[in-house]
Amino acid sequence: MNTFLDQFFFGYYPYVAMTMFIVGSALRYDRDQYTWKADSSQLLRKKGMLWGSNLFHIGIILLFFGHFVGLLTPEWVYHPFMSAGTKQIIAMTVGSIFGTMCLVGMLILLNRRLFDKRIRKTSKFSDTFILIYLFVQLLLGLLTVPYSTQHLDGSSMIALANWAQYITSFRMGATDFIVSEAWVFKLHLILGMTLFAIFPFTRLVHIWSVPVQYLTRTNYQIVRRR
């Protein structure tokens, strides 16, 4: 039974989740563009928004890119500069800092969403659900840190990275890297992949609309106060 579940969740499910992520996002944009927004609650109440939103967004963005680079960087790229154990300690330290930052911001946002009457009454089920889902996923991610201290040679980190690199390059045998890893890593991966699967059905679609063109635009108008 465990073999079947491992094969399903770590062999096939990544492709199911990514297909839902890409196709679902395209269909959502094509059919429901008026729902393609962040639905910010800042207009209803500003209290807690500055700290909560900034800490949450900075933390989660840096965590995402940290996972992205950490998992998809082949061992031969960083091996001349540092050992796998050193890379793991850096990942644990940086992940703990940004994870805590994100957790503080998320607690502020959850408090607004659940206990502010105006915000709660105007929230959709998906708004509250996705915030609680991210909260659980973040707690699981922080829980992996003490598990990682049990093998500071970087062996588990390399196994997880090999799994991710095999999956993204469509190679067979990816599941073999992960079957012996601790439950907390497996559950964190499953919730992470599920997050991609449910992405098109939530407010997270606003991530696609991040205005990166602002960084390189040349023609703009400066408006000064008199």
Side-chain angles (χ1 to χ4, degrees), residues 9 13-14 16-18 20-22 24-25 27-29 31-68 91-148 182-211:
F9 280 115
Y13 190 54
V16 174
M18 289 308 296
M20 292 179 67
F21 171 66
I22 295 171
S25 295
L27 290 175
R28 170 88 179 264
Y29 185 77
R31 299 174 63 89
D32 295 308
Q33 290 190 17
Y34 288 113
T35 67
W36 192 278
K37 53 187 178 179
D39 279 336
S40 173
S41 60
Q42 188 172 6
L43 287 175
L44 298 174
R45 198 174 307 282
K46 290 185 178 179
K47 184 180 179 181
M49 195 66 182
L50 177 64
W51 284 103
S53 181
N54 284 327
L55 286 173
F56 168 73
H57 281 95
I58 293 171
I60 202 165
I61 288 171
L62 293 176
L63 284 174
F64 173 78
F65 284 107
H67 280 69
F68 186 81
M92 289 165 55
T93 306
V94 175
S96 297
I97 293 171
F98 293 125
T100 303
M101 181 187 297
C102 186
L103 180 64
V104 173
M106 189 171 287
L107 287 172
I108 296 172
L109 296 180
L110 264 176
N111 181 62
R112 283 167 48 86
R113 184 69 58 184
L114 296 177
F115 301 108
D116 187 302
K117 290 183 180 178
R118 296 179 68 189
I119 296 175
R120 189 174 68 243
K121 286 188 176 180
T122 55
S123 297
K124 293 176 289 190
F125 169 78
S126 62
D127 297 336
T128 307
F129 170 79
I130 198 63
L131 204 53
I132 294 174
Y133 189 96
L134 288 171
F135 178 69
V136 174
Q137 175 68 332
L138 181 60
L139 289 181
L140 270 176
L142 290 171
L143 190 58
T144 63
V145 175
Y147 275 86
S148 297
W183 67 269
V184 67
F185 294 110
K186 291 182 177 180
L187 188 56
H188 188 54
L189 283 175
I190 291 171
L191 288 188
M193 290 183 284
T194 304
L195 188 59
F196 280 96
I198 63 176
F199 179 97
F201 311 104
T202 68
R203 58 163 54 190
L204 293 180
V205 291
H206 77 276
I207 296 172
W208 283 116
S209 301
V210 60

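All values below were derived from every heavy atom in this structure, side-chain atoms included, with hydrogens, water molecules and symmetry-related copies excluded. No experiment lies behind these values; they were computed from the predicted model shown.
- Between the side chain of Arg28 and the backbone N or O of Pro200, at least one donor-acceptor pair lies under 3.5 Å.
- Nearest heavy-atom pair, Trp36 versus Ser25, reported as atom, atom and distance to 0.1 Å: CZ3-O, 3.5 Å.
- The closest donor-acceptor contact from the side chain of Arg45 to the backbone of Arg112 lies at 3.5 Å or more, if one exists at all.
- Side-chain atoms of Thr128 do not come within 3.5 Å of backbone N or O of Phe125 as any donor-acceptor pair.
- No more than 12 heavy atoms of other residues, nucleotides or ligands lie within 6.0 Å of CH2 in Trp208, so this atom counts as exposed by the packing criterion.
- The side chain to side chain contact (heavy atoms under 4.5 Å, CB included) check on Thr194 picks up Tyr13, Tyr133, Ile190, Ile198, with sequence neighbours excluded.
- Of all heavy-atom pairs spanning Leu131 and Met106, the tightest one is O-SD, 4.0 Å.
- Between Arg203 atom CZ and Ile130 atom CD1 the span is 9.5 Å, to the nearest 0.5 Å.
- For the atom pair CG of Asn54 and CE of Met101, the computed distance is 10.5 Å after rounding to the nearest 0.5 Å.
- To the nearest 0.5 Å, the span separating OG on Ser148 from CG on Leu143 amounts to 9.5 Å.
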_side chain to side chain contact (heavy atoms under 4.5 Å, CB included) between Leu103 and Phe135, worked out_ = CA-CA 7 Å; Leu103 180 64; Phe135 178 69; 3.5 Å; yes
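- Counted within 6.0 Å of OH on Tyr29, heavy atoms from surrounding residues, nucleotides or ligands total 12 or fewer; the atom is thus considered open.
- Of all the heavy atoms in Tyr147 and Ala182, the pair that sits closest is CD2-CB, 3.9 Å.
- Without hydrogens or angle criteria, Thr202 side chain to Phe199 main chain gives a donor-acceptor distance under 3.5 Å.
- Note: His57 and His206 have perpendicular aromatic rings, judged against thresholds of 30 and 60 degrees for the angle between ring planes.
- Shown here for Phe201 and Met20, the closest heavy-atom pair between the two residues is CE1-CE, 4.1 Å.
- Formation of a donor-acceptor pair under 3.5 Å by the Thr122 side chain with backbone atoms of Arg118 is found in this model.
- By the 30° and 60° cut-offs, the orientation of the rings of Phe196 relative to Phe64 is tilted.
- Considering CG of Leu44 and CE of Met49, their distance stands at 9.5 Å, rounded to 0.5 Å.
- Panel note: side chain Asp116, backbone Ile119; a donor-acceptor pair is recorded below 3.5 Å.
- Taking 4.5 Å as the limit, some side-chain heavy atom of Gln137 sits within range of a side-chain heavy atom of His188.
- With hydrogens and angles ignored, the 3.5 Å screen pairs no side-chain donor or acceptor of Asn111 with any backbone N or O of Leu107.
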*asked:* Checking Leu109 against Leu55 for the side chain to side chain contact (heavy atoms under 4.5 Å, CB included) test, could you report, in this order, the C-alpha distance in whole Å, the side-chain angles of both residues, the deciding distance, and whether it holds?
replied: CA-CA 10 Å; Leu109 296 180; Leu55 286 173; over 6 Å; no
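- Put simply, the side chain of Leu63 reaches to within 4.5 Å of the side chain of Leu138, judged on heavy atoms.
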